[in-house]
Amino acid sequence: MSETFAKPVPHPTPDTQPFWDGLARGQYLLQRCKECGKLRHYPRPVCDGCWSMAHEWVPAGGRGTVHSWTVCHHPFHMGFKAQSPYILLTVDLAEGVRAQGQLRGLPAEALRLGLEVAIGFEQEGEGPVLPVFHPVPA
Amino acid sequence: MSLFERAAITGIGETAHGRGLQQGSALSLQLQASLAAIADAGLSPRDIDGIIPMATGAAVAEDFITNFGIPDLRFSATTPMGGASCVAAIQAAAAAVATGICRHVLLPIGRTGYSGTRIGARVHEMPQFRTIGEFELPLGNVAPAQIYAPMARRHMELYGTTSRQLAEIAVTTRRHAILNGNAAMTKPLTIEDHQNSRMIADPFRLFDCSLESDGGAAVVVSSAEAARDLRQPRVLVMGAAEGHPDSPSVITQRPDILRIGLAKAAPRAFAMAGVKPSDIQVAEIYDCFTYVVLRQLEELGFCKPGEGGAFVEGGALGIGGRLPVNTHGGLLSQAHLAGMNHIVELVRQLRGQAGAAQVEGATLGLVTGYGDMGDGSIAIMRRA
């Protein structure tokens, strides 16, 4: 990662690297337990349902609904100062786990619980590919 | 065996609170507060035989042995739960003195939260923030105000809770800080001041957020028996508990993002103490953000879930109100000492030593902690 990229970057571990590799390919990957089939997110080594460590990575469909949000005005990290204020969404993915990402293309005033959104992918400079959310056309 | 009335808070101490007072390092601040607490109890520093330093603080047990010349420290532990640590340490200390491991456990904290490293940079050094650090920090979810704001927003959307109701908490707490006198914030605050303050992370405005300040505080937890011979009126720990929320590392993945660790801890503590919420005369409630107070009032059973907004209206949390809360000014207006100042204040109230902020006749009260991604802790106490 270039030293000129001013935002915080992830430091993946062997447990989480496939998630970031998926984002780089335009896929939002979830872990599915190979033993009992339970989905889990964020990535971690063990299934909390059956304690199996065997898992596979499956792409999320990319649709979800708004669970909550915040509009970030004060940049607690200088890397986000230029784009402030920005909206962070907490989204219920259709698969039953949640995702977080910045919202694009909609003002905060239009937000409500349950609003349908679609996942997208963005890369800024030499930074990592990150998930974002877009409104779903009616 | 229960911890019911097996331990007492026997000593309390704190430094001057403020921002940029240049009064010393985080280590010297907690040594100063600790000496005050030990003297308050009528003990010598060499009597301390147990210690629970803050897990993320600037001092370790060895610093206290070295500085105080403690001859035989028999117990040391940490309770790494962020802002829930100090009150969680009461349970750990009570267990240590009840089982005879030691007699006098020191709970110290000292911080240079204003003069030293600020919160946005500090939290990501903690292992509890590892998950957030990898998956949400790169998206712009940097500091606690942003991490907690979606809980408050969802509460507002589901129950109609308003920013003016959050302002009630900030305004009442400021009034208490002014009564206390030893507080970083000394200027009166109105609802309009709150409503006009700049937005930090919607729905949190500046005055919904706690301070970053410099200072120290400490308490001594002794066995209930040993406390009989000490200087101050005995304040007995009737119930104590800690609780961890589901998905404790990250709020985003929590099945019910409004449900915090206190939901598990509070019923345990009330059952141990043998009292109900309506018996409580004064409550020192962890207030890193106004909303966090409101939500804890619900989880403590003072009102139903969703009714916290209505509960805090009309000065209900003021001295003389329905439930006096944060009678010292809390983290919002007195000082950010991760809630050690809340323990100090509860003991002061129950001893009848709270001066202008004294809740008349208060002999039974509670203190809570809230930390990291919603860890909870609680202690219920009474004057013997």
Side-chain angles (χ1 to χ4, degrees), chain A residues 5 7-13 15-17 19-20 23 40-44 48 66-81 83-93 96-103 108 111-115 122 124 127-133, chain B residues 117-125 129-160 197-206 208-209 212 246-258 289 291 373:
Chain A
F5 185 69
K7 290 180 179 172
V9 296
H11 301 283
T13 70
D15 302 325
T16 64
Q17 186 66 50
F19 172 75
W20 294 102
L23 286 179
R40 66 180 187 263
H41 197 52
Y42 297 122
R44 52 184 181 268
D48 71 353
V66 171
H67 190 80
S68 195
W69 67 88
T70 179
V71 188
C72 301
H73 291 260
H74 180 81
F76 285 93
H77 187 291
M78 291 314 283
F80 294 99
K81 189 177 167 72
Q83 66 179 122
S84 296
Y86 55 94
I87 302 170
L88 272 178
L89 280 195
T90 302
V91 172
D92 288 302
L93 293 181
V97 299
R98 297 208 189 99
Q100 194 174 69
Q102 290 191 20
L103 175 67
L111 285 171
R112 55 179 169 76
L113 301 188
L115 183 75
E122 278 185 7
E124 185 182 326
V129 175
L130 298 173
V132 292
F133 290 97
Chain B
T117 316
R118 303 302 283 271
I119 186 75
R122 198 166 61 232
V123 292
H124 296 286
E125 294 162 11
F129 281 68
R130 191 189 64 228
T131 304
I132 292 254
E134 177 169 356
F135 297 106
E136 299 189 348
L137 172 62
L139 309 173
N141 201 8
V142 179
Q146 299 163 333
I147 295 168
Y148 301 160
M151 300 191 293
R153 171 49 61 193
R154 189 164 170 86
H155 199 278
M156 290 171 142
E157 298 296 315
L158 288 177
Y159 303 117
S197 67
R198 69 188 170 96
M199 196 64 87
I200 302 295
D202 179 272
F204 295 144
R205 295 182 175 279
L206 179 66
D208 290 304
C209 305
E212 297 193 72
D246 300 335
S247 182
S249 300
V250 61
I251 292 165
T252 304
Q253 304 297 342
R254 187 163 301 157
D256 177 353
I257 69 167
L258 301 187
F289 296 91
Y291 163 79
M373 301 305 150

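Not measured: the values here are computed from a predicted model. A, B, ... follow the sequence lines: proteins, then strands. Residue 1 opens every chain.
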Rounded distance [0.5 Å steps], OG in A:Ser68 versus CE in B:Met156:
10.5 Å

Between CG on residue A:Asp15 and CD on residue B:Glu134, distance to nearest 0.5 Å
9.0 Å

Please flag which part of A:Pro75 lies under 4.5 Å from any non-hydrogen atom of chain B: side chain, backbone, both or neither.
neither

Can you tell which of A:Gln102, A:His67, A:His41 has the highest number of heavy-atom pairs within less than 4.5 Å of chain B?
A:His67

Roughly how far, to the nearest 0.5 Å, is CZ of B:Phe135 from OG1 of A:Thr16?
5.0 Å

Of B:Val250, B:Ile257, B:Ile251, the largest count of non-hydrogen pairs under 4.5 angstrom with chain A goes to B:Ile257

Side chain, backbone, both or neither: which part of A:Pro85 has an atom under 4.5 Å from a heavy atom of chain B?
neither

Of the non-hydrogen atoms in B:Leu139 and A:Pro131, which two are nearest, and what is the gap between them?
CD2-CD, 3.8 Å

So what's closer than 4.5 Å to chain A heavy atoms on B:Ala152: side chain, backbone, both or neither?
neither

Is A:His77 close to chain B through its backbone or its side chain, or both, or neither, when contacts mean heavy atoms under 4.5 Å?
both

Choice from B:Gln253, B:Arg198, B:Glu136 maximising heavy atom contacts with chain A below 4.5 Å
B:Gln253

Atom pair NE2 (A:His73) and CZ (B:Arg205), whose distance is rounded to the nearest 0.5 Å
8.5 Å

Note: B:Arg154 and A:Leu113 closest approach over all heavy atoms is NH1-CD1, 3.6 Å

Grab the two heavy atoms, one from B:Gln146 and one from A:His74, that are nearest each other, plus how far apart they are.
NE2-O, 3.5 Å

Mark yes or no for whether A:Arg98, through its side chain, and B:Thr252, through its backbone, hold a donor-acceptor pair below 3.5 Å.
yes

Check whether A:Ala108 gets within reach of chain B through its side chain, its backbone, both or neither, counting any heavy atom under 4.5 Å.
neither

Under 4.5 Å from any heavy atom of chain B, what part of A:Tyr86 do you find: side chain, backbone, both or neither?
side chain

Contact leader toward chain B among A:Val91, A:Leu89, A:Leu130, where contacts are heavy-atom pairs under 4.5 Å:
A:Leu130

Apply side chain to side chain contact (heavy atoms under 4.5 Å, CB included) to residues A:Val71 and B:Met199 and explain how you reach the verdict.
CA-CA 9 Å; A:Val71 188; B:Met199 196 64 87; over 6 Å; no

Test side chain to side chain contact (heavy atoms under 4.5 Å, CB included) on B:Ile200 and A:Phe76 and set out the steps.
CA-CA 9 Å; B:Ile200 302 295; A:Phe76 285 93; 3.6 Å; yes

Of all heavy-atom pairs between A:Phe80 and B:Pro138, which one has the smallest distance, and what is that distance?
CZ-O, 3.6 Å

